[in-house]
Colleague: 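One structure, pasted below without further comment.
All figures in this text were calculated on a predicted structure; none of them were measured in a lab. Per chain, numbering begins at 1; letters A, B, ... match sequence-line order.
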Amino acid sequence: MGYLDGFKVTFMKLFEERVTTEYPKEKRPKPPRFHGRHVLNRYEDGMEKCIGCELCAGVCPAKCIYVRGADNPETEPVSPGERYGYVYEINYLRCIHCDLCVEACPTEAITESKLFEFSFANRSDAIYTKNELVVDDEGLPQRQPWELWHEGDDLATSGWMRATSPSGNPDYQNRVGWSGELGYGTRKPEIGQRDIDDHEKNGNSPEEYGESEDIR
Amino acid sequence: MTGDPLYIDGVDLTDLGIMAVKVLVAFTFLLVATMFMVWFERKLISDMQNRIGPNVAGPWGLLQTFADGVKFFFKEDLRPENADPLVFRLAPYISAVTAFLSFAVVPIGGSFGGGSSGTVTIFGRETFLQVADPPIGILLLLAMSSIAVYGVMLAGWASGSKYPLIGSVRASAQAISYEAALGMATVVVVILAGTLSTHGIVAAQSGGFSRWFLVSSGIVPFIVFLIAATAELNRPPFDLVEAEQELVGGFHTEYSSIRFALFFLAEFMNVITMSAIMVTLFFGGPAGPIFFGMTWFWPTVWFLLKVLAFLFVFVWFRATLPRLRYDQLMHLGWKLLIPLILFWLMFISLKELRATHDWNWLATYGAAFIALAVGASLLIAGLRAGDRAYQKELEDV
Ligand code: SF4
Ligand code: SF4
């Protein structure tokens with residue numbers, strides 16, 4: 001029919017399945033590396049990972065991170081290094097959840113949870129400070145009253161959620177690239193990855209982890 | 001047969017009452033229909049794009065337009081500093097009022113077949129099921145669609161801003177171009193019906209499908225009318241007036257609140273009116289089979305169904321066709337539709353003349369063929385020359 005073929009196409013669409021997800025009523029499962037609200041991680045011994053280097057603030061395209069570093073107090077250090085993040089603020093009215101800050105951080109201090117359903121009645125609530133961002137003593141993100149958490153949103157929020165390989169290769173099949181974290185220790189590799197260290201040291205079969213569904 | 005039998009023997013209070021009821025019914029009907037047209041369009045276009053569309057306000061989202069309307073009322077009514085205050089305020093009303101007025105001459109019911117002349121009896125008075133039946137009904141329609149362009153034109157001009165101005169200049173150029181084809185397609189119908197009154201046109205089509213002007217005028221005028229009407233309505237694929245990618249919102253960029261809603265209303269109302277006019281001109285108006293002897297009921301149902309079919313077609317156009325480029329728009333209008341409908345107009349007039357004057361078949365059509373051949377070759381030569389000049393201009397640039 002030449003020119004009129006298009007009319008057939010649009011007409012047949014009337015009988016096709018709809019692709020819309022009616023969002024507040026039905027929610028799609030989130031991918032494990034979903035970019036949500038940030039958390040500031042701590043090591044297994046409770047020390048903060050952030051060293052106040054401001055790399056995240058420098059890389060942020062939305063210029064929404066404000067960091068001020070300070071020397072660690074000698075008696076009770078906050079982080080294992082020389083310096084720590086003294087002030088740390090993220091403005092969620094500007095953040096585009098690109099996760100460049102997560103990629104830039106040398107110590108995996110800043111990562112993202114899977115929470116995205118939060119809103120503020122007040123502009124100053126949109127600026128998260130260290131009080132809100134740092135994980136609690138179990139290593140879980142803190143929950144604010146204006147945030148709507150769902151099951152699984154607070155899991156696997158550590159350095160694990162960065163791109164799998166330091167060289168950016170998605171088919172990473174090598175060393176686990178993330179450090180231990182409060183509450184969980186070092187996370188195991190995800191599906192399809194082998195932990196060569198573990199294999200060499202303990203003789204565990206590489207497949208054992210490779211098949212693991214557990215991402216906690 | 002001139003005019004509504006309601007006024008034949010003077011006008012008294014009952015007549016005025018009937019008149020007022022008719023106006024009120026038509027007005028409300030049009031408003032409610034527009035409301036549902038907006039819903040219908042949004043729903044249908046989402047169906048054609050694998051989406052769901054409005055489904056929250058009311059059952060199946062039916063009240064979405066109502067909710068939007070309420071929202072518009074509470075929005076701030078902004079006026080740009082450079083705008084001409086009076087004209088800026090006036091323009092939306094011109095659009096809305098003409099949209100209402102055109103509908104007044106459309107017969108929306110009444111049985112025309114079998115000797116009856118499309119009257120119904122209300123309170124013991126015979127009357128037509130249309131708000132008014134002026135003897136120049138069709139001219140009124142054309143006039144209204146021309147005046148509606150003023151609404152758009154003045155809105156763009158008075159906004160004191162560049163995008164609305166470009167949008168409205170486009171609108172007037174487009175409307176002028178397509179009004180010619182639209183008018184001539186209407187003239188074909190008028191020649192066949194022998195009257196300008198819309199009621200007369202519907203009456204002339206009564207008595208079966210083959211008498212509908214769609215068939216007896218040979219489809220071409222209808223197709224030309226449909227294309228020209230789409231352009232007149234500024235609907236896709238001819239929506240250059242408000243080409244979002246180029247002009248923000250076109251002529252109504254600077255409008256907000258209820259004034260914007262008026263433009264919106266007028267636009268969708270015009271779609272309904274244009275569909276109703278097409279039904280009247282080419283599809284026998286309220287004509288259709290009548291069951292169970294309910295002569296007042298079925299014609300209106302048929303009329304509404306036919307209008308609905310056209311509304312569907314307009315949405316279908318929008319879902320299917322990409323927007324034309326401006327030169328393509330002008331090309332289609334001036335170099336294709338106008339010559340085509342001109343030739344058709346000549347042919348139909350000749351046919352009618354031959355029938356009334358009993359002219360010789362061979363001589364008439366022979367002369368027509370020669371005239372057509374000469375005209376067509378002149379036209380094609382002209383178009384070629386134009387194209388060459390255009391190409392040369394392009395090369396020079
Ligand atoms: S996710 Fe992107 S926008 Fe948000 S804080 Fe990090 S770098 Fe900035
Ligand atoms: S979060 Fe990471 S990149 Fe940002 S200041 Fe702390 S250590 Fe540096």
Side-chain angles (χ1 to χ4, degrees), chain A residues 1-37 61-63 91-94 96-98 114-126 144-153, chain B residues 39-64 67 219-220 222-224 226-227 229-231 235-239 275 308-325 328-329 331-333 335-337 340:
Chain A
M1 287 234 291
Y3 286 118
L4 300 180
D5 274 352
F7 285 99
K8 195 175 138 213
V9 172
T10 39
F11 190 77
M12 294 322 276
K13 290 275 169 198
L14 287 178
F15 310 104
E16 276 180 20
E17 211 187 324
R18 306 290 181 264
V19 293
T20 312
T21 311
E22 292 190 67
Y23 161 63
K25 275 189 245 159
E26 45 179 292
K27 295 182 180 175
R28 289 194 205 161
K30 293 172 193 153
R33 284 191 171 83
F34 190 88
H35 292 186
R37 189 267 269 176
K63 294 274 164 278
N91 183 348
Y92 280 103
L93 293 176
R94 305 184 67 172
I96 55 173
H97 296 279
C98 62
K114 283 161 258 311
L115 167 82
F116 74 98
E117 290 151 306
F118 57 130
S119 69
F120 327 97
N122 179 333
R123 278 171 167 261
S124 56
D125 283 348
Q144 307 304 330
W146 55 84
E147 296 174 340
L148 179 60
W149 287 86
H150 294 286
E151 201 189 330
D153 280 1
Chain B
W39 171 84
F40 180 69
E41 164 138 25
R42 292 177 68 175
K43 205 73 178 167
L44 196 59
I45 202 108
S46 16
D47 282 348
M48 288 182 171
Q49 296 169 347
N50 290 6
R51 298 184 288 118
I52 295 178
N55 65 345
V56 177
W60 307 290
L62 271 171
L63 297 179
Q64 185 61 47
I219 299 220
V220 172
F222 165 67
I223 292 174
V224 172
L226 182 64
I227 297 175
T230 319
R235 279 189 64 86
F238 305 108
D239 57 341
S275 307
L308 194 67
F310 273 108
L311 298 183
F312 182 89
V313 167
F314 278 128
V315 180
W316 201 5
F317 277 0
R318 177 175 161 194
T320 309
L321 299 171
R323 185 182 300 130
L324 265 69
R325 221 169 48 213
Q328 292 170 331
L329 175 92
H331 181 97
L332 180 68
K335 299 183 188 166
L336 201 70
L337 292 187
L340 181 67

Colleague: Residues two or more places apart in sequence or in another chain: which of them pass salt bridge (Lys or Arg N to Asp or Glu O under 4.0 Å) with B:Arg325?
Modeller: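 Scan of B:Arg325 (salt bridge (Lys or Arg N to Asp or Glu O under 4.0 Å), adjacent residues dropped) gives B:Asp327.
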Colleague: Is the CH2 atom of A:Trp146 crowded by more than 12 outside heavy atoms at less than 6.0 Å?
Modeller: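 Yes, CH2 of A:Trp146 has more than 12 neighbouring heavy atoms, counting only those of other groups under 6.0 Å.
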Colleague: Measuring heavy-atom distances to chain B, does A:Glu22 have an atom under 4.5 Å in its side chain, in its backbone, in both, or in neither?
Modeller: side chain
Colleague: Can you tell me how the ring of B:Trp316 sits relative to the ring of A:Phe11, calling it parallel under 30°, perpendicular over 60° and tilted otherwise?
Modeller: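 Geometry flag for A:Phe11 against B:Trp316: tilted rings.
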Colleague: Nearest 0.5 angstrom please: B:Asn55 CG to A:Arg18 CZ, how far?
Modeller: 11.5 Å
Colleague: So A:Leu4 and B:Thr320, do their side chains get closer than 4.5 Å, heavy atoms only?
Modeller: no
Colleague: Under 4.5 Å, heavy atom to heavy atom: which of residues 45-53 of chain B reach chain A? Give them by number, or say none.
Modeller: B:Asp47, B:Met48, B:Asn50, B:Arg51, B:Ile52
